[in-house]
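Here is the structure we will look at.
Counting starts at 1 for both ligands and their atoms, following the listed order.
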Amino acid sequence: MKPLLEWIDRHRQIIRGVTGALLPVALGGVYAIVYMTGGIRFVYSHSMYLPILLAGFVFGIKGGLLTGVLGGLVLGPWMPINVSTGEMQNLANWLYRAGFFTLVGFLSGAASDGARFYIDHLKWLSLHDSGSKLKNRNALFDELTRLAGRRNESGPFVLAAVALENTMELKSTFGVPVIEAAVQQLAVRYGEIVGEPTVYHTETAQLAIVIADSRQDVERLLDAMIAASQEPILFSGIPIHIDSRMGTVALTPEIPPAEVCLQKVEAALTVAQDVAQDRVAYNPEIMRGTQDNLIILGELKEAIKSGQLSLHYQPKIDIPTGTIHGVEALLRWQHPIRGNIPPGDFIRRAEQSTLIQTVTEFVMTEAVGQIAQWRKCGIDLRVAVNVSPRDLLRPGFSDFVIHVLEQFDVSPELLELEVTEGALMTDMNQTIAELIKLADLKIIISIDDFGTGYSSLQYLHKLPASLIKIDQSFVRRLHEDVYASSVLEAAVMLAHKLGIKAVAEGVETAAAYEHLGAIGCDVAQGFFICRPLPTSEFESWYATFRESAGHCCSGTGLQIG
Ligand code: C2E
Ligand code: CA
Ligand code: CA
């Protein structure tokens, strides 16, 4: 049935032309048959249904009605009841038949129009997003295939993909419709820059734009699109900032198959998202990197099982007393072939999948096991574990933490959880509820990378945090940037006003350490004090530190090295 309908759809114009020419002949033919078979009293008048149904099917309601009326007239006042006697029909007789024909014409036309409307709607739906009404991924696919088919005629062209970044934050604050509004308003802006029909809505929060033909000014157009993305959108009259990233791929002179174009542009977009850049252009290295990432993730689970993952420990120093506040557990992956894979290369990817659960379970068990181990040797150290947004949103996360503490008989005060500021934005209410549950158990909560998120300030007083860790970017710019120093001071003051401690990470120099002490920062962590070290090396560092602290235990008299 489907091929037949498609064939009819493709040849609609020809069928209309042929039917239009055939109908007068058919009407005349029916008249002749009825007349020659002796008149209207015989059954042959029913032949008129054929042209009427055909007209309704091909031309819809209008065609069905018209042919019904004409059919009624053809077999009407001039058609005798009995040709041999010449007896004519009375008015009511042929009018009734004409009315009946017209009704049949109307019904067949209505059925045909309805079916056509439904088919057209299905066709539209397959090529458009029903919410934004913009062309969708299938339509883009068709367009890319069409361009690839015309490879010699069409000039070089650029495919761009734009993704909204802060969708979680937007949805949790304004609800799902804000995403649709953002997509629609951005599509209009891009449409004005590059021409409306070339903007496609390819994912819930993603647009693709085809800049075809041989325009010289592609770079200028792309810059204009970035600038347009940075203008706030309006939602319920409120101006809202949208974070977006763009990936581009120049497809010239050869245009690869549509799926390859999409794969390339989305790989470039992923890199733009990973490195937080406005725009990234595709190059072959990117694809290799993406493939590597996926392979790495595929190997991660096995790596945990086969002991390739371990924890390094980096101390944090309480500045006023010069004593150890605790240590941060940082994950390390020693791959048998690739060597050392830094956490930045796999944690973020793992966080986007359920793999992070396995990673966190491993880290938590190792870290708490290490606390117990150290206690046996007389080392009383609090260990901080990094947890991901997904961990906090997972049902039963706090039960798992309690279980591990019980398993190793470790007191909850010796465990600290570092939660990044961005993590809090995913689902504020559930995250806060989970953190309160953990803090009630006396587990220490600290807000990591403080100063890099957007709006956690307004929630900070609701969080059961005992520490904020000011992001290392501020600490490292301390001596070259007055702004960074002001932010640091303000963050320390804010922490103290809220009755919690301020931690500075990324402390690389003695000068930075001194400066932090002078502005009242409570805790410092960084390469100046000690790099993250494997357990045995950390234990040696710790022994030396304790020894030197025994000789020197004044306020900021930290003996490093
Ligand atoms: P983070 O939690 O902000 O960890 C601090 C990072 O800064 C660590 O990088 C540490 O080695 C580095 N660092 C410490 N002091 C200095 C310094 O003075 N200068 C400089 N330049 N860097 C310093 P690392 O180990 O590569 O970890 C990177 C990120 O990976 C961490 O950032 C954390 O977000 C994530 N991560 C590491 N381990 C885990 C883990 O077990 N679970 C989770 N979910 N994330 C982890
Ligand atoms: Ca951390
Ligand atoms: Ca941090």
Checklist entry - What is the nearest protein non-hydrogen atom to atom 38 (N) of ligand 1, stated with its residue, atom name and distance? => result Leu331 N, 3.1 Å

Checklist entry - Is any heavy atom of the protein nearer than 4.0 Å to atom 34 (O) of ligand 1? => result no

Next on the checklist: Within ligand 1, which atoms have a heavy atom of Gln314 less than 4.0 Å away?
Outcome noted: 14 (C), 15 (N)

Checklist entry - Can you find a non-hydrogen atom of Arg332 under 4.0 Å from ligand 1? => result yes

Checklist outcome for this item: shortest atom 16 (C) of ligand 1-to-protein heavy-atom contact is with Phe527 CE2, 3.2 Å

Checklist entry - If you look at every heavy atom in Ala208 and Thr202, which pair is closest and at what distance? => result CB-CG2, 3.7 Å

Next on the checklist: Looking only at protein heavy atoms, which one is nearest to atom 41 (O) of ligand 1, and what is the separation?
Outcome noted: Val363 CG2, 3.4 Å

Checklist outcome for this item: For Glu505, the atoms of ligand 1 under 4.0 Å from one of its heavy atoms are 3 (O), 5 (C)

Item to check | Heavy-atom closest pair, residues Val327 and Pro315 | outcome: CG1-CA, 3.9 Å

Next on the checklist: Counting only heavy atoms from other residues, nucleotides and ligands, does the tally under 6.0 Å from CZ of Arg348 exceed 12?
Outcome noted: yes

Checklist entry - Identify the closest protein heavy atom to atom 6 (C) of ligand 1: which residue and atom is it, and at what distance? => result Gln472 NE2, 3.5 Å

Item to check | Short N/O/S contact of Thr420 with the Ca ion (ligand 2) (below 3.0 Å) | outcome: no

Item to check | Greater than 12 external heavy atoms within 6.0 Å of Arg375's CZ | outcome: no

Checklist entry - Got a second to check how far Ile238's CD1 is from Phe174's CZ, nearest 0.5 Å? => result 5.0 Å

Checklist entry - For Gln206 and Glu266, does a side-chain donor sit closer than 3.5 Å to a side-chain acceptor? => result yes

Checklist outcome for this item: If we number the atoms of ligand 1 from 1 as shown, the ones under 4.0 Å from a heavy atom of Ser388 are 44 (N)

Next on the checklist: Just to confirm my numbers, could you give the angle made at the Ca ion (ligand 2) by OD2 of Asp448 and OE2 of Glu328, rounded to 10°?
Outcome noted: 180°

Checklist entry - With a cut-off of 3.0 Å, does any N, O or S atom of Glu418 fall short of it relative to the Ca ion (ligand 3)? => result no

Next on the checklist: Heavy-atom contact check, 4.0 Å cutoff: does Pro342 meet ligand 1?
Outcome noted: no

Checklist outcome for this item: Scanning both residues in full, the closest heavy-atom pair of Tyr313 with Glu366 reads OH-O, 4.2 Å

Item to check | Verify atom 29 (C) of ligand 1: protein non-hydrogen atom under 4.0 angstrom away | outcome: no

Next on the checklist: Main chain of Ser388, side chain of Asp391: is a donor-acceptor contact present, judged purely on distance under 3.5 Å?
Outcome noted: yes

Item to check | Under-4.0 Å heavy-atom contact between protein and atom 9 (O) of ligand 1 | outcome: no

Next on the checklist: Using a 4.0 Å cutoff against the non-hydrogen atoms of Glu328, which atoms of ligand 1 qualify?
Outcome noted: 2 (O), 4 (O)

Checklist entry - What protein heavy atom is closest to atom 21 (N) of ligand 1, reported as residue, atom name and distance in Å? => result Glu508 OE2, 3.0 Å

Checklist outcome for this item: So the atoms of ligand 1 within less than 4.0 Å of a heavy atom of Val507 turn out to be 18 (O)

Checklist outcome for this item: Closest non-hydrogen contact found for Ser485 with His515 is OG-NE2, 4.0 Å

Checklist entry - What N, O or S atom of Glu505 is found closest to the Ca ion (ligand 3)? => result OE2

Item to check | Atom indices of ligand 1 within 4.0 angstrom of Arg476 heavy atoms, with elements | outcome: 21 (N)

Item to check | Candidate with minimal heavy-atom separation from atom 46 (C) of ligand 1, of Thr420, Val359, Leu330, Asn386 | outcome: Asn386

Next on the checklist: With a sphere of 6.0 Å drawn around CG of Asn340, does it hold more than 12 non-hydrogen atoms of other residues, nucleotides or ligands?
Outcome noted: yes

Checklist entry - By number and element, which atoms of ligand 1 are closer than 4.0 Å to a non-hydrogen atom of Pro532? => result 11 (O)

Checklist entry - Which bit of His312 gets closer than 4.0 Å to ligand 1, counting heavy atoms only: side chain, backbone, both or neither? => result neither

Checklist entry - Would you say Asp471 reaches the Ca ion (ligand 3) with an N/O/S atom under 3.0 Å? => result no

Checklist entry - What part of Asp448, side chain from CB on, backbone N/CA/C/O, both or neither, has a heavy atom under 4.0 Å from ligand 1? => result side chain

Next on the checklist: Tell me whether Gln525 reaches ligand 1 (any heavy atom closer than 4.0 angstrom to a ligand atom).
Outcome noted: no

Item to check | Identity and separation of the nearest protein heavy atom to atom 3 (O) of ligand 1 | outcome: Asp449 OD1, 3.4 Å

Checklist entry - Has ligand 1 got any nitrogen or oxygen that is less than 3.5 angstrom from a nitrogen or oxygen of Gly344? => result no

Checklist entry - Can you name the closest pair of heavy atoms from Val162 and Ser244 and give their distance? => result CG1-CB, 3.9 Å

Next on the checklist: Heavy atom to atom 24 (P) of ligand 1, shortest distance: which of Pro343, Ala512, Ala524 holds it?
Outcome noted: Pro343

Item to check | the Ca ion (ligand 3) - closest N/O/S atom in Asp449 | outcome: OD1

